[in-house]
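I have placed the structure first, in the form of structure tokens, so that the comments after it can refer back to it.
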Amino acid sequence: MEDMLIYFEPFTLPFVVGSLFMFAVIVTKWSFWLMRLPRVDRVKIRRGLFTRQTLLGAWEVVRESLLHVRIFRTNPVLGYMHASLAFGWFLLIVVGWIETIVYLGLKPVPLQGHVFFKYFAPHLNLDAHYAVFEHLMDALLLVVLIGVGLALFKRVRSSVMGMRRTTKHVLFDRVALSALWFIFPARLVAESLTVALYGGGGFLTGTLGTYLAKHLPYEILDILCMQSWWFYSAVLGLFFVALPFSRYMHIFTEIPLIFLRRWSLSPTKERKSYDNFEVEACSRCGICIDPCQLQADLGINDTQSVYYLRDRRYNMLSLKVANNCLMCGRCEAACPVGINLNTLRLNSRAKRRNIPNEGRYRYLQGIDTSSGAGRVGYFAGCMTSLTPAVQRSMERIFAAAGVDVWYADRDGGVCCGRPLMLSGETDAARKMVECNRALFRKHEIETLVTSCPICLKVFREEYNLEGIEVLHHTEYIARLIASGEVRLARDSSIYTYHDPCELGRGCGIYDAPRTVIGAVGTLAEPAHSGRNALCCGGSLANTVINDGQQHRIAERMTAELEATGCDTIVTACPLCNKSIARASRRPTQDISEIVAKNIL
Amino acid sequence: MAHRASWQEYQKDIAPDKYYYARSCIRQNFFPGSEWAFLDILSNKLGKDIYDDPLHTSCTGIGYHSDVVPLETIMTVVARQFALMAEAGYENFVSSCITSFGIYNEVLATWEEFPETEERTRRYLKEATGRDLVKPRSIAHTSDIIFYQREAIARKAKHRLINRHTGEPLKVVEHIGCHYAKIFPKSGIGGSEFPYVLAGMIEAWGGDVVDYPERRHCCGFGFRNYLVQANRGSSIANSHKKLESMAPYRPDFIVANCPGCAMFLDKWQYTIAEMDGVAYGADGKGIPVLTYEEMAGLVLGYDPWQLGMQFHQVDVEPLLDKLGVEYDPGAKYLGAGGKYIGKPADAAINCPSQRPIYERRK
Amino acid sequence: MRNIVFGYGISRPRAIDMDNNDLRKSGDIIAEMPELQACIGCGSCTASCTAGRLTDFNFRKLHTAVRRGEYKGVYAELSKCMLCGKCRLVCPRGINTRGLVMLIKRKLGDF
Amino acid sequence: MAYRVVVVGGGAAGMQTAIELKSRGVEPIIVERDIELGGKARGWHKLFPTFTPAADVIRPLAQRVKDMHIRCFYGQEVTQIAHDGVTLRSEERIPADAVVVATGFTLFDAHRKQEYGYGLYDNVVTSVDLERMMIGGKVTLADGSEPKRIAILHCVGSRDEKVGQKHCSKVCCITGVKQAIELKEMYPTADVFNFYMDIRMFGAGYEELYREAQERYNVHFVRGRISEAAETIEKRIQIKAEDTLTGRPLRMTVDMLVLLVGMSANYDNPQLAASAGLTLAPNGYFKARDSFLGVVHSEREGIFFAGTATAPKSLADTLAEASLTASAVDAYLKNKFNVK
């Protein structure tokens, strides 16, 4: 009987062609991307390949690519939807494989043999011993079908899955998506019709098959059965052809991405081949849309990371989309795939704007407007000159701690370079980096304190200041308090703290400011805080939205701060300070101000 | 111009007779025929008493405006001219030069405003020359005199400013020297915005005045701007701007009342043609530039070569043909006694280019 | 034309020539950022400018010149800007000055 | 018997004063030089900053004057004023218990700024001419064609010592903004340039309108006074100014130059003031008794002011002040005749 199985029928052709095409395209893509990796990255791969990281990567693939654990954290229903489709389908394939092996023993069976096993071997499973497989396969199919049902439901009512908005898709996505929706119902129908003709089947296909056999004449069942297998094969083929060009490419991209990341590859300021893995690993799940304040506060619907990645992938990225981002990092924090959204967007900007010009900023040569002397250097930052209270407070704190300070920019200084980088002008920014670094070295400081998180981030990431400890003033003040160098009185005020994006998500500093505030008064956390904090809208990274739009974002987030019932809003970034002060009816102060006024 | 009556707000008294004549440095060197013609018209055609005093000097205005002659010096020089006039028995001072005219007005106004400067000048004059300052009863520019006599001249006219071939009035660009009325609007006929002194002559003699946008713009002489070579680019740019602005009106000729302006509007055309290959006349050549004495002389039937028109950079023959003035082409470069004075080299400005400027620009 | 060395040329007028200036680029810039027209010339941007403290960079003059169709030297001059964004914080008319620097450079630099 | 008050001038101020007086039981008499009521506002199309048709303000006022049977003398010029009446040019004397001077202002004669060529060049018009054209429904050049580039020059006859007008006429800036918007609405593709020395947006909603003109209507504002205008061969107007914000001279040719003419004090103010024993402010307007507590009072008992007789004012301010005048007159009469 086994010899009769030749595993070929014309209807399998769409599937066979589709799947071969898909694998060919995927292999080609991967090879291209890997070949074009810069040398540094290839070295990293070689070094990482035979380490524990590879095993950890494999475990992560199971957790993320199959089970979608991170999405479960966003919303359980959403997580189930993703997991049922991915893991359910995966199990269908795996169990189906086992099924064929159990029936036929270990012998080569072509791909379509596995996939259309029910068709090729309808009578094999009549044996009651194997009914367990029938039921298992049916159970898995049901799991997937529920996933498909949820996906359909999500299109209509996304809020159930914790999403206010879902992604708007491109044509390839729509084709693949439609095919995907049909695959499993088609399988159910095809298998049930086969059961109706030949008997067998699990609790799902069996029941449905028996029902059909009872109500439809044999001739019709026979025709329908063949047609349904054709249809099943066709939608599978269609899905596979569309897959490499659609968002479903993420299924196969996330896997190598997980390993590459484990081997410590990451995107940089300049675009490179590795970016392809990150860009195509986006499943366009749309989880990044809701956290985006441009969407929530301004109704801007075309610039969120999902659209940015989509546009970039299909080579239709506009300057406006690249630039229209606050880089607050809220989407990056929410992304279940962990794509480095900010870095990618930045290197898109760099591609367009980074025009090397050696003569530029020649005027920076030899500039030194600094004053004072000491091992501790204080870099207020450009914006801080518009919030002189911060400068004054820091001077008082330094004086109270008896620290000698070298002031880098009390009389105005040179920009840290981060604003230029945010605009993609990385080469030009280098001039500023060099200028300031030379100043820090010339004045032989050991600690560099800055009041501006924007400066802080670039000092830490781009300046290579070995031997100089770079601290935000919140960290520095926290230390002074801990060491007792500065003693503070507590007051009865309730303070609400706004986490600046560049300080929190940007530099991971959440505790120091809270410690400091806790030392002078009571801290009341707003609805969004810490990693989840809202952006003030004043971000330098966005050059597209206008003043009114910035203000609207500030108003919304300030309302949330005020809702804590605080007496004073505290922040730790001069830019946030300006945005909030403009929108708030409560006093808005920098953390240094509340410290300075409470010095004993 | 008929609708423009505003010039009548700016009128001044011009003496009818008995003038003391002060020559112009530039005019007597570059347009000697003009000064001669003025004296000839006044004394022989109109029968006026005008005294050309050999004792008077340059007013030193060019030096003054170039910061090389101090105020005290020029005041004393001016006082001497006035003293000479009184000694000669005249009291109506007429100046051939616009710069001088401005200087005389400025000095008189200064004496008026700051009497101590007048006293000091009297003292200097006395000490230096033994002469006594007597201030003139009236000051006029020579163009004022011609303006005053324009109807009398019209009555004696041999030619009118009319194109003989078409019967149309000639289109005349008039250019007033800056120092004529821009320093003291009341010192010029018609004031500073719409000086009427030349326009009145043109209208009286049958021509049409061209009112073009840069009509009031300076010719660019500007003393230091011309005298220092490095500044000449700025000087020429002014004439350039005027010529660009007037060209679309296809003027038949330019007339100026300031000797410097007449010279620069004429000579800069040569320079622009050599530099840029551009000429502004409707015939693709330069636009002839006349002094008002030459204009009056042609109207009265003087011989163009006797008027010294061969001294011009831009050839005047096309204009003479339009006016119907008869002239001997062969006599152009013959000086006194028929002696050949030499012919200048050909210049681009007198060689017709393919198309006139205003057509090429479109 | 003979080759005469005059030792000088015809100076170009210093005046902004609104008749012959190419106003299309400035029109494009204003169309992309209409708020630019709301500038009242207060000079806050220039006064607060980080680059302006170190050089003669004057953003107000530059973008005003651009609006009049005067582009010469503007790109090079704008390259002095460090994009620090202080100007945007102080602009009383809420002009996106920082975006404007990039916009003008993009329009004048063709990238 | 009602007290009688002569209101000199039947413009917005005069009408409003008379209406308010009448409703307080006083008997006002309006003496108007023109043959009908309404004053300068009659020649206006729409009012800043709301684009309300001027007729919607003036006509109801005139109608109320009529409905309230307020006596009006038309075509009569007042030559002398006293606290107890006025004398007309016809030497007729109208006795009264108090007199309100609501004589308004005289438009600055743009001919006096000869350098702008008003009356010389066909396409140089005043803001008043422009309003007249707008009332007629269409703003065109002299030859009937549509303007593509228009310059509006602020401060013609204001803040200009050269024409003896040292004061600010207050309303021209906002009028310039209003007219620029109207022109842009009429010709959206036309370029409108406002040349100004300072922009003075003192009233409610003015600054907002200014901003709208800039941002929404793309009106170009150039800080610099036009120094001179000249006509080109195409009958366009070539203007020269300094773009003071770039520090460079600017020249351009426009199809139409609109001169925002300011407010002059009436030429007969000195004569009227002398007859009443009043003094004039240095700018030729009547001087109020006090800048704060006596803005509608003159230095003489029984003589009051309303509207722009004392200084340039907007129509809104004029109407508000006229009500104040009526109340001051009423109080004066009650006090004088001991009415409890």
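Only this structure's heavy atoms are used, side chains among them; waters, hydrogens and symmetry mates stay out. Labels below follow one simple rule: chain letters A, B, ... track the order of the sequence lines, proteins then strands, and each chain is numbered from 1.
In this structure, chain C has a heavy atom under 4.5 Å from the side chain of D:Arg149, while its backbone stays farther away. Using a 4.5 Å cut-off between heavy atoms, C:Leu23 contacts chain D through its side chain alone, with no backbone atom that close. Contacts between C:Arg14 and chain D at a heavy-atom distance below 4.5 Å involve backbone atoms as well as side-chain atoms. Interface remark: D:Asn218 contributes backbone and side-chain atoms alike to the contact with chain C (heavy atom separation under 4.5 Å).
The shortest non-hydrogen separation linking D:Gln214 to C:Ala38 is OE1-CA, 3.2 Å. Across all their heavy atoms, D:Thr246 and C:Ala65 have their closest contact at CG2-N, 3.5 Å. For the residue pair C:Ala15 and D:Leu250, the shortest heavy atom distance occurs at CB-N, 4.4 Å.
Of the listed residues C:Pro34, C:Gly41, C:Gly43, the one with more heavy-atom pairs under 4.5 angstrom with chain D than any other is C:Pro34.
Remark: C:Ile30 CD1 to D:His220 NE2 distance equals 5.5 Å, nearest 0.5 Å. Rounded to the nearest 0.5 angstrom, D:Asp243 CG and C:Ile16 CD1 are separated by 4.5 Å.
Scanning residues 90-100 of chain C against chain D with a 4.5 Å non-hydrogen threshold yields C:Arg93, sorted by number. Applying a 4.5 Å heavy-atom cutoff, the residues of residues 181-205 of chain D that approach chain C are D:Phe193.
Between C:Asp19 and D:Arg251, the closest side-chain pair of non-hydrogen atoms is not below 4.5 Å. Side-chain contact between D:Arg248 and C:Arg68 is absent, with no heavy-atom pair separated by less than 4.5 Å. Side chains of C:Ile40 and D:Tyr210 form a contact here, defined as non-hydrogen atoms less than 4.5 Å apart. Within the 4.5 Å cutoff, no side-chain heavy atoms of C:Gln37 are placed close to those of D:Val219.
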